[in-house]
Amino acid sequence: AQTVTQSQPEMSVQEAETVTLSCTYDTSESDYYLFWYKQPPSRQMILVIRQEAYKQQNATENRFSVNFQKAAKSFSLKISDSQLGDAAMYFCACLSGGYQKVTFGTGTKLQVIP
Amino acid sequence: DTGVSQNPRHKITKRGQNVTFRCDPISEHNRLYWYRQTLGQGPEFLTYFQNEAQLEKSRLLSDRFSAERPKGSFSTLEIQRTEQGDSAMYLCASSLSGTQPQHFGDGTRLSIL
């Protein structure tokens, strides 16, 4: 079984500042993928960033980057230059088990303060 | 192609009734997933299809739930004899393969009276 834990139910950040969302995971698989998804209120979930476990280099996507610590099973998301449109629920997710299913964390609600 | 489409967006029904939801995945995606999401929680995996074959079902999927994907295109999720605890958002996602990111639909919100 795999688990994903997000210990921050809510976070807030000032517009234009930087915020880091935490995520830890546990899987017995050696090969897996990690994702951060964003779910704005009443809108569909969209992929923010993806990390392959076999890659040591941290993934980056514009203002979004991750800090992937494989030994610690930690996968945090850093949002730089926060914008009002970044306000949403953010879910950390792990894909393993022979790539059969994704396990999601409970989410972190991010508030961006103008 | 505009992405994953789910219908209806909202469904309100009385306890004990049967409901059916539909999901149209992105056309070239052969994997299709169903999730259930309750308030304040992340999506929970229910089942997935590789083309028309249903390859895994979660223990969350009781015998009142059934999913199909005829011809490997759209999928339906049926809940029979609905219960209060079935109230949730039902999300559908599709992907090109098992290692590719999943693209989600807007979901169907089910409310049981």
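First the proteins, then the strands, lettered A, B, ... as listed; each starts at 1.
With respect to chain B, the highest number of heavy-atom pairs below 4.5 Å among Met89(A), Glu52(A), Gln39(A) belongs to Gln39(A).
Side-chain contact check for Tyr48(B) and Gln102(B): no donor-acceptor pair (N or O, by modelled atom type) lies under 3.5 Å.
Residues Gln100(B) and Arg50(A) are in side-chain contact: their nearest non-hydrogen atoms beyond the backbone lie under 4.5 Å apart. Between Phe65(B) and Arg36(B) there is a side-chain heavy-atom pair separated by less than 4.5 Å. The side-chain heavy atoms of Ser95(B) and Tyr33(B), taken from C-beta on, include a pair separated by under 4.5 Å.
Taking all atoms of both residues into account, the shortest heavy-atom contact from Asn30(B) to Arg69(B) is O-NH1, 2.7 Å.
No more than 12 heavy-atom neighbours from other residues, nucleotides or ligands sit within 6.0 angstrom of CD on Glu68(B). When the shell of 6.0 Å around CD of Gln57(A) is examined, it contains 12 or fewer heavy atoms from other residues, nucleotides or ligands.
By the rule that hydrophobic residues join a cluster once side-chain heavy atoms approach within less than 4.5 Å of another member, Leu96(B) and Leu32(B) end up as members of separate clusters.
Proximity to chain A at a heavy-atom threshold of 4.5 Å picks out Gln37(B), Gly40(B), Gln41(B), Gly42(B), Pro43(B), Phe45(B) from residues 37-47 of chain B, in numerical order. At a heavy-atom separation below 4.5 angstrom, chain B is approached by Phe104(A), Gly105(A), Thr106(A) within residues 104-114 of chain A. For a heavy-atom cut-off of 4.5 Å, chain A lies close to Phe104(B), Gly105(B), Asp106(B) in residues 104-113 of chain B.
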Just list the side-chain donor-acceptor pairs under 3.5 Å for residues 66-76 of chain A, sequence neighbours left out, or say none.
{"residue": "Asn67(A)", "atom": "OD1", "partner": "Gln69(A)", "partner atom": "NE2", "Å": "2.7"}
{"residue": "Lys70(A)", "atom": "NZ", "partner": "Ala53(A)", "partner atom": "O", "Å": "3.3"}
{"residue": "Lys73(A)", "atom": "NZ", "partner": "Asp26(A)", "partner atom": "OD1", "Å": "2.9"}
{"residue": "Lys73(A)", "atom": "NZ", "partner": "Thr27(A)", "partner atom": "O", "Å": "3.3"}

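Separation of atoms CD1 (Ile12(B)) and CD (Gln17(B)) is listed at 13.5 Å; rounding is to 0.5 Å. Between Ile49(A) atom CD1 and Ser65(A) atom OG the span is 6.5 Å, to the nearest 0.5 Å.
Neither the backbone nor the side chain of Val4(A) comes within contact range of chain B, judged by heavy atoms closer than 4.5 Å.
Between Tyr37(A) and Phe35(A), the angle of the ring planes lies from 30° to 60°, which puts this pair in the tilted group.
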